[in-house]
Amino acid sequence: MAKRCFRLKKGKEIEKVFKSGKRAFSQTITLVYFPAKQTRYAVCVGKKHGKSVERNRIKRYLREAFAPFGKKIRPCSVLLIPKVQEDGHYSVSLFARDLGKIFGKEKLIES
RNA sequence: CGAGCGGACUGUGCAGUCGCGGCGUGCCUUUGAGCACGAUGAGGAAAGUCCGGGCAUCGUAGGGCAGGACGCCUGAUAACGUCAGGUAGGGGCGACUCUAAGGAAAGUGCAACAGAAAAUAACCGCCUCUUAUGAGGUAAGGGUGAAAAGGGGAGGUAAAAGCUCACCGACGGGACGGUAACGCCCCGUGCCGUGUAAACCCCGUCCGAUGCAAGUUUGGGUCGUGUUCAUGCGGGCUGCCCGUCCGAACACGGCUGUGAAUAACGCUUGAUCUUGCCGGUGACGGCAAGGGUAGAUAAAUGACUGCAUUCGACAGAACCCGGCUUAUAGGUCCGACUCGGUAA
RNA sequence: CGCGGGGUGGAGCAGCCAGGUAGCUCGUCGGGCUCAUAACCCGAAGGUCGCACGUUCGAAUCCUGCCCCCGCAA
């Protein structure tokens, strides 16, 4: 589910989601989503998160955390934006937990 | 044994489960942004973008000006601002190390404060002649300063002074050694003059511009290149000048739309890596054999478990190379390298 | 990937090209004026000149290498 074919790629699409999508928040992640035909996602990690090694790690963690939800939720375009943790600690389990919370709260999980 | 100097290397590994990128092969009454299997997949700095090239396009770089870079010598190299070996001058007891190290007699500028004076020297002095003083000689001594007109010694003198002498330094000439920088020796000149060129500058060498988002290909409509006629304006070609090229008809190219930093190519076999031999003090070069080595594009290497007692630093390719610079835990090795101590 | 600009007391800026004294405005502190506050007047404190190396007798200034911030083009 983390494969490339489920990625949201084009700048216009991302802009569309960013402008007209709904937002949901948790301690570690800001999530923007918009209904679509197929579930696709994009990861957005800014320069404030550190050097490229650090940013790449965060992206990996986010993708891995998102993968199990890919087929469970209603199809939509999703942007994942991590928040800056002051202690520099990020982990898959934390991201997965918060994603679960958000999807539950927004009632996106299909029965 | 202790302290150091120089150089080289490494940059977690193995096993299991899950997961990702492109590649190859196969599969299909789900031909797709599919599935399975296989081998493969970041660095010594991939970084900073500080230099030099390759490559590509524009062009024809022919000349001059402007601008920039470099600057002991010889070599290495595709090239360099890099590297190697040497010279000179600093630093260290030493192994060793550092140095943008041409020209101040082409010209211009600057040298605060102090000091008489910061560059056609003369304040206090010293000496001679005159006598409240003035004129002349002089640069040893004093004082100021970062720097004061070769150094300190002997002779010499009214007092002095390269005025004279030897030594050292400087400059000029010659011989010898060295490819050269330069070294060394001999002879001569009493030494007409400070520092600063990382101040302008002069001399020598070199430099076309733009950068893979360069650029190429595919497809519909409108304008451009080669050939033939015309030589004025304006425009393009490097910042400027000289110089040089363009407008209408036939075959081929630009602009615009689909069209979005699209798709494909460029895109990885290369000044390649490993090993051996040969040449060279060395940088490096030559030959032979072998290896097949990331090519993504909202952008791939991780998570968990076990073992190795502890696993850790800096850090992620984006056209590619050669360097430089900077970051870097822990560890390994080499040296007919140094100094000190101890023992034989 | 390619360029440009900047870093000086607490804040905003001069000084750098052309090297010797770091200055201005606001703020801060003390005093005065006022019944009191503001304004105003007088006085004072406060700066490793981003970091390091070099050139120079001497560096905020010149050279070289780094660090950080801001901006531009495709």
Taking atom [atom1] in both [N] and [M], compute the distance separating them and give it to the nearest angstrom.
N       : M       : atom1 : result
G134(B) : C124(B) : P     : 11 Å
U218(B) : A263(B) : C1'   : 9 Å
C184(B) : C168(B) : P     : 12 Å
G52(B)  : C80(B)  : P     : 10 Å

Compare every heavy atom of Ile102(A) with every heavy atom of Ile29(A), then report the nearest pair and how far apart it is.
O-CD1, 4.3 Å
Which atom of Thr28(A) lies closest to which atom of Asp98(A), heavy atoms considered
OG1-OD2, 2.5 Å
Between Cys44(A) and Val53(A), name the one whose nearest nucleotide on RNA chain B is closer to the 5' end.
Cys44(A)
Relative to the 5' end of RNA chain B, which residue comes earlier, Lys51(A) or Lys59(A), by the nucleotide with the nearest heavy atom?
Lys59(A)
To the nearest 0.5 Å, tell me how far [X] [atom1] sits from [Y] [atom2].
X        : Y        : atom1 : atom2 : result
Ser91(A) : Arg57(A) : OG    : CZ    : 11.5 Å
Tyr61(A) : Tyr90(A) : OH    : OH    : 11.5 Å
Asn56(A) : Lys59(A) : CG    : NZ    : 5.0 Å

With both distances under 3.5 Å as the test, what is the Watson-Crick or G-U wobble partner of [N]?
N       : value
G279(B) : C284(B)
A36(C)  : none
U131(B) : none
C23(B)  : G38(B)
G234(B) : C246(B)
A308(B) : U12(B)
U57(B)  : A209(B)
U61(C)  : none

If the glycosidic angle is within 90 degrees of 0 it's syn, otherwise anti, so just tell me which one [N] is.
N      : result
U56(C) : syn
A88(B) : anti
U82(B) : anti

Rounded to whole angstrom units, what separation is found between the CZ atom of Arg55(A) and the P atom of A299(B)?
13 Å
Under 4.0 angstrom between Arg63(A) side-chain N/O and A300(B) OP1 or OP2
yes
Check whether any side-chain nitrogen or oxygen of Tyr61(A) sits under 4.0 Å from OP1 or OP2 of G302(B), and answer yes or no.
no
Nucleotide nearest Asn56(A) (side chain, heavy atoms from C-beta), chosen from U301(B), A42(B), A317(B)
A42(B)
